[in-house]
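Reviewing the structure listed below.
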Number of protein chains: 2
Amino acid sequence: MDRIEPALQWNDSPAACLHGLGVSACADCRVRQISVCAALDPHELTEIDSLSHPTAFPAKSTLFTQEDPASAVFNITEGMVRLYKLLPDGRRQIVGFALAGDFLGLALLDRYGVSADAITDTKVCRFSRSAFTAFLDKKPHLLRRLHEFASHELSLAQDQMVLLGRRTADERIAAFLMSLKERFARIGHTSITLPLPMSRQDIADFLGLTIETVSRTFSKLAKSGVIVVVPDGVRLTNLAQIKALATR
Amino acid sequence: MDRIEPALQWNDSPAACLHGLGVSACADCRVRQISVCAALDPHELTEIDSLSHPTAFPAKSTLFTQEDPASAVFNITEGMVRLYKLLPDGRRQIVGFALAGDFLGLALLDRYGVSADAITDTKVCRFSRSAFTAFLDKKPHLLRRLHEFASHELSLAQDQMVLLGRRTADERIAAFLMSLKERFARIGHTSITLPLPMSRQDIADFLGLTIETVSRTFSKLAKSGVIVVVPDGVRLTNLAQIKALATR
DNA sequence: CTGCGACATTGATGCAGGTCAAGCCTGCGC
DNA sequence: GCGCAGGCTTGACCTGCATCAATGTCGCAG
């Protein structure tokens, strides 16, 4: 319900935010921010800045819990967050990983639909929901942009349904690696090794597999030379092969 | 990407639409319509009426196909539609069934994210996307309501992820029956037997199972007295049991 | 009525991935 | 340094669901 993809634009400097597509500058937390609307003028930026509060969440801490009153909207500026749902017996489905630039809580419903906790040490800009929606009410163009985000989010969710309903373990892992790689690339992280800060259990719960199957699949791909497993990440040595698996 | 749940309000008469929460009256296709915004005045209703065109789709016909330019928004007034994605090798994942009152294409993106075709003979109100968005641009309150729909849609998609990733065949079938029952109830259909106009293959492709497993699970539930399978539907004879399975 | 095609059910068998159970690394507290 | 805990990998085995195959049922065209 809550994760929003990073925008197509990523602006590293406040100036770029001011100038282009950026939205909340969150200036006092010297934070890179993500574009949300086609244009906000300097006055509006100042206004939205005043709504935001920088907050840090250490690894493993909870941002919010499913069914909690949705009191805030978050924009991640650093780190990684997992979003998940639990069944009463403890089975867990991770519905997404949120990276720097992603929004949480944009559904703007009364309660959070998922739980969220920090995988790594994480920094966010926090907006109170009431202030955020009040601002939104005055800026229809922003709302429109936000709706596009939500639509994109839904599209991703539907892709994930295909993955969970109809793909093999190999395909799931490959698709996971590809999409994570693309998301990191979009936020400017293009190192040769793809970081995997989440645990094997997290990956398993995201892909509808077990920890053992994830591990075995990594080993298998490594053995066939498609990836190299390194501490806290993988190197994708045969992208074509992975892509083939991912889109088959 | 495109299905939107029927609203909490269902108004059967044009008068109710005019008066209360309803939106598009689609008057000339004498169609029951669904609420989308907190209030539209009579003038607005007349305006949106003029944007809509009644259209009929016979069973098995295609409303639109994934990646097609999204030229229209639809509101189903009668019948049932399946929304799905295909993998290159023909595997199919149905991401949702749309009932009377549901909107299709509300993502308002340039291209449809899924394919849609009619399961039964279906009637819709069709809005050209450009006219619809133009209208929307003038009515921020409508856009806000629409965003809530999309958020709810996303929430449903996430529930479906849990189902596909972490639930057993029995639980999937039970959850499917429960949610379909509730959706039919919400649009005023409360007969003793739950209609299942879609094929076993459709159910299988929605639940990430095979046709045989669906069939066997129905038989098993029937044998244990929880349901009775009838032509084109099931009777839920032990709701508590089904609910227990569905939410376990 | 007969035959045919689409769909559903049921049974027999197979296998991808789950489960159980050792080990093995790595980091950390002492 | 040592021991210990948490995470990861690997192997052996098991099972839930898929696959393959046969049969049944219904609607419809001729």
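A note on names: the letters A, B, ... follow the listed sequences, proteins ahead of strands, and every chain is numbered from 1.
- If you measure from atom CZ of B:Phe218 to atom C1' of D:dG24, you get 19 Å, rounded to the nearest angstrom.
- Across all their heavy atoms, B:Asp121 and B:Ala59 have their closest contact at OD1-N, 2.7 Å.
- At a threshold of 4.0 Å, the pair A:Asp159-A:Arg167 does not count as salt-bridged, since none of the basic side-chain nitrogens sits closer than that to a carboxylate oxygen.
- For CG of B:Asn238, the number of neighbouring non-hydrogen atoms (other residues, nucleotides, ligands) closer than 6.0 Å is greater than 12.
- For A:Thr213, taking side-chain heavy atoms from C-beta onward, the closest of the listed nucleotides C:dT10, D:dC8, C:dG17 is C:dG17.
- The 5' end of DNA chain D is approached more closely, in terms of each residue's nearest nucleotide, by A:Val229 than by the other of A:Val229 and B:Gly208.
- Computed from coordinates, the B:Leu207 CG to D:dC17 P distance equals 12 Å when rounded to whole Å.
- Closest approach to the B:Ala169 side chain among D:dC8, C:dG17, D:dC17 is made by D:dC17 (side chain taken as heavy atoms from C-beta onward).
- Nearest nucleotide to the A:Leu209 side chain, out of D:dT9, D:dC8, C:dG18: C:dG18.
- Phosphate contact (OP1/OP2 of D:dT10, side-chain N/O of A:Ser219, threshold under 4.0 Å): present.
- Contact check, B:Thr210 against D:dC17: no side-chain N or O comes under 4.0 Å of OP1 or OP2.
- Taking only side-chain atoms of B:Lys60, from C-beta outward, the nucleotide of D:dT19, C:dC7, D:dT9 with the closest atom is C:dC7.
- Under 3.5 Å, the side chain of B:Gln201 and the base of C:dC7 form no donor-acceptor pair of N or O atoms.
- Put simply, NZ on B:Lys220 is 11 Å from C1' on D:dC17, counting in whole angstrom units.
- If you check distances only, the side chain of A:Arg216 does reach the base of C:dT19 with a donor-acceptor pair under 3.5 Å.
- Relative orientation of the A:Tyr112 and A:Phe74 rings is tilted, given thresholds of 30° and 60° on the angle between their planes.
- At a cut-off of 3.5 angstrom, counting only N and O atoms as typed in the model, there is a donor on one side and an acceptor on the other between the side-chain of A:Glu212 and the base of C:dC20.
- Of the candidates C:dG17, D:dT9, C:dT9, the closest approach to any side-chain atom of B:Ser215 belongs to C:dT9.
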